[in-house]
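So the structure is just underneath, and the comments pick up after that.
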Amino acid sequence: MRRLDIDRAKGLAITLVVFGHIVARQDPAHVYWYQPLRRAVYGFHMPFFFYLSGMVSWLAGHVRVPPARWIGLARSRARRLLLPFAVMGMVIIAGKLLASHFMFVDNAPRSLVSGLVDLIWFPSRSPAYSLWYLAVLFALSLLTPVLIWLLRGRLTLLLLVFVALEFATPPWRLYLADICRYGLFFGLGIAAGALGARWTVWIDRWRWPLLGVFASGFVLIALEGRDWPFDLRLLVFGIIAMPALHSLVRSSWLSSDRTLVTIGRYSLMIYLFNTIFIGLAKGLLFHITTWNGDHFPAFLGALMLAGMMGPILLKRTVLRAFPALDRMTE
């Protein structure tokens with residue numbers, strides 16, 4: 001049974017992801033308000049996504065499968081996560097190479113081979129780094145059932161393992177750094193899912209204090225957080241945001257809203273294709289106007305629309321006709 005609060009939460013989270021992708025490498029001139037907002041959003045939006053992923057993994061039973069089913073789990077998670085990661089990675093790299101001959105392209109690869117190597121081995125310089133969430137979620141989806149089995153189902157010990165990984169310093173290879181950075185949020189989502197109604201009753205009861213602390217943190221990071229260590233911002237603000245935003249989407253004034261539910265159900269499609277549509281729209285707009293403060297509000301509106309609606313329209317008008325692609329992006 002689908003949880004509408006989780007669908008709404010995914011809709012909110014993916015909207016924030018698209019907002020963060022509007023500016024990739026080149027900041028617009030004389031725009032001083034976007035980066036503080038983006039800095040605050042980047043302090044919590046992906047931790048919130050991993051929290052939701054952990055909760056869904058618990059509710060679906062993926063993290064509790066016994067050893068005899070681990071191979072089957074790996075296959076199903078590979079189809080769900082690694083397949084779109086690989087296909088879209090190649091599409092983005094090839095598309096950027098082709099488009100760079102005709103228009104400005106953010107973070108264009110030097111060649112097809114170097115782009116593919118960076119996609120897997122050097123993710124921090126990957127032309128398709130926007131897909132990193134899928135690779136990290138795949139790894140956590142396979143690692144967590146093993147840990148839960150080894151720890152005899154004790155989720156407190158699982159969280160302690162993820163806390164320890166927060167302080168690890170792995171190399172920036174094969175997404176190891178991101179696995180360590182975001183594992184705790186995935187684990188907290190698992191714990192929230194395990195608590196069930198006790199968790200949702202608590203966050204509903206404390207909604208306004210939770211949102212007040214979240215709003216204060218958002219303003220503080222936007223105004224004063226420029227020099228704060230990124231991992232510290234992510235850890236503290238990410239944990240604050242999880243119950244606050246989950247309680248927000250469960251509120252009575254959003255419970256009847258269908259917009260976030262619809263966006264949430266297209267969240268994978270938007271995640272996979274938003275940077276492509278943003279890049280195409282940005283390249284076309286560069287031929288019409290300049291990337292500066294006077295025109296940035298129009299850029300922001302157009303690029304948000306392209307990043308959100310482009311993937312949804314592609315799904316509904318094209319991919320529905322190809323069952324394999326339709327399933328991959330469902």
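The first residue of the sequence shown is numbered 1, and numbering continues consecutively from there. If you're wondering where the values come from, they're calculated on a predicted model, not measured in any experiment.
For the atom pair Ser247 OG and Trp199 CH2, the distance stands at 9.5 Å (nearest 0.5 Å). From Leu184, atom CG reaches atom CD1 of Ile239 across 5.5 Å, with rounding to the nearest 0.5 Å.
The residues Asp204 and Arg207 are annotated as salt-bridged, a charged nitrogen and a carboxylate oxygen being separated by less than 4.0 angstrom.
Between Asp326 and Phe322, every side-chain heavy-atom pair lies at or beyond the 4.5 Å cut-off. Residues Val17 and Phe49 meet the side-chain proximity criterion, which asks for heavy atoms closer than 4.5 Å. Side-chain contact between Ser57 and Thr144 is absent, with no heavy atoms from C-beta onward closer than 4.5 Å.
When the salt bridge (Lys or Arg N to Asp or Glu O under 4.0 Å) test is applied to Asp257, no partner is found at least two apart in sequence or on another chain.
For Phe185 and Tyr51, the distance between ring centers is not under 6.0 angstrom. The aromatic ring centres of Trp228 and Phe237 sit 6.0 Å or more apart. Taking the six-membered ring for Trp, Phe186 and Trp58 have ring centres at least 6.0 Å apart. Ring centroids of His246 and Phe48 are separated by 6.0 Å or more, keeping the two rings apart.
Arg154 contributes a side-chain N or O that, together with a main-chain N or O of Leu151, makes up a donor-acceptor pair within less than 3.5 Å. Judged by distance alone, the side chain of Arg38 and the main-chain N or O of Gly20 form a donor-acceptor pair under 3.5 Å. The backbone N or O of Gly264 sits less than 3.5 Å from a side-chain atom of Ser267, completing a donor-acceptor pair. Trp70 contributes a side-chain N or O that, together with a main-chain N or O of Val65, makes up a donor-acceptor pair within less than 3.5 Å. No donor-acceptor pair closer than 3.5 Å links the side chain of Arg8 to the backbone N or O of Val261.
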Step-by-step ring pair (Phe, Tyr, Trp, His ring centres under 6.0 Å) determination, Tyr175 to Trp121 | CA-CA 8 Å; Tyr175 299 90; Trp121 189 248; over 10 Å; no

Start with the C-alpha distance between Tyr133 and Phe50, add both sets of side-chain angles, then the distance that settles ring pair (Phe, Tyr, Trp, His ring centres under 6.0 Å), and finish with yes or no.
-> CA-CA 9 Å; Tyr133 164 79; Phe50 277 101; 5.0 Å; yes

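Between the side chains of Ser114 and Ser111, at least one donor N or O sits under 3.5 Å from an acceptor N or O.
Only one option out of Met308, Lys10, Arg316 pairs with Tyr266 in a side-chain contact (heavy atoms from CB on, under 4.5 Å); it is Arg316. Just one of Lys315, Arg80, Arg79 meets the salt bridge (charged side-chain N to carboxylate O under 4.0 Å, His left out) condition when paired with Glu330; it is Lys315.
Residues Leu303 and Ala281 approach most closely at CD2-CB, 3.6 Å, considering heavy atoms. In terms of heavy-atom proximity, Leu134 sits nearest to Leu272 at CD1-CD2, 3.5 Å. Looking at every heavy atom in both residues, Ala40 comes nearest to Ile221 through CA-CG2, 3.8 Å.
Tyr34 and Phe19 have tilted rings, their planes meeting at an angle from 30° to 60° on a 0 to 90° scale.
Crowding of Arg69 atom CZ: a count of heavy atoms from other residues, nucleotides or ligands under 6.0 Å not exceeding 12. By the neighbour-count criterion of 12 heavy atoms within 6.0 Å, atom CD1 of Ile71 is sparsely surrounded, having that number or fewer from other residues, nucleotides or ligands.
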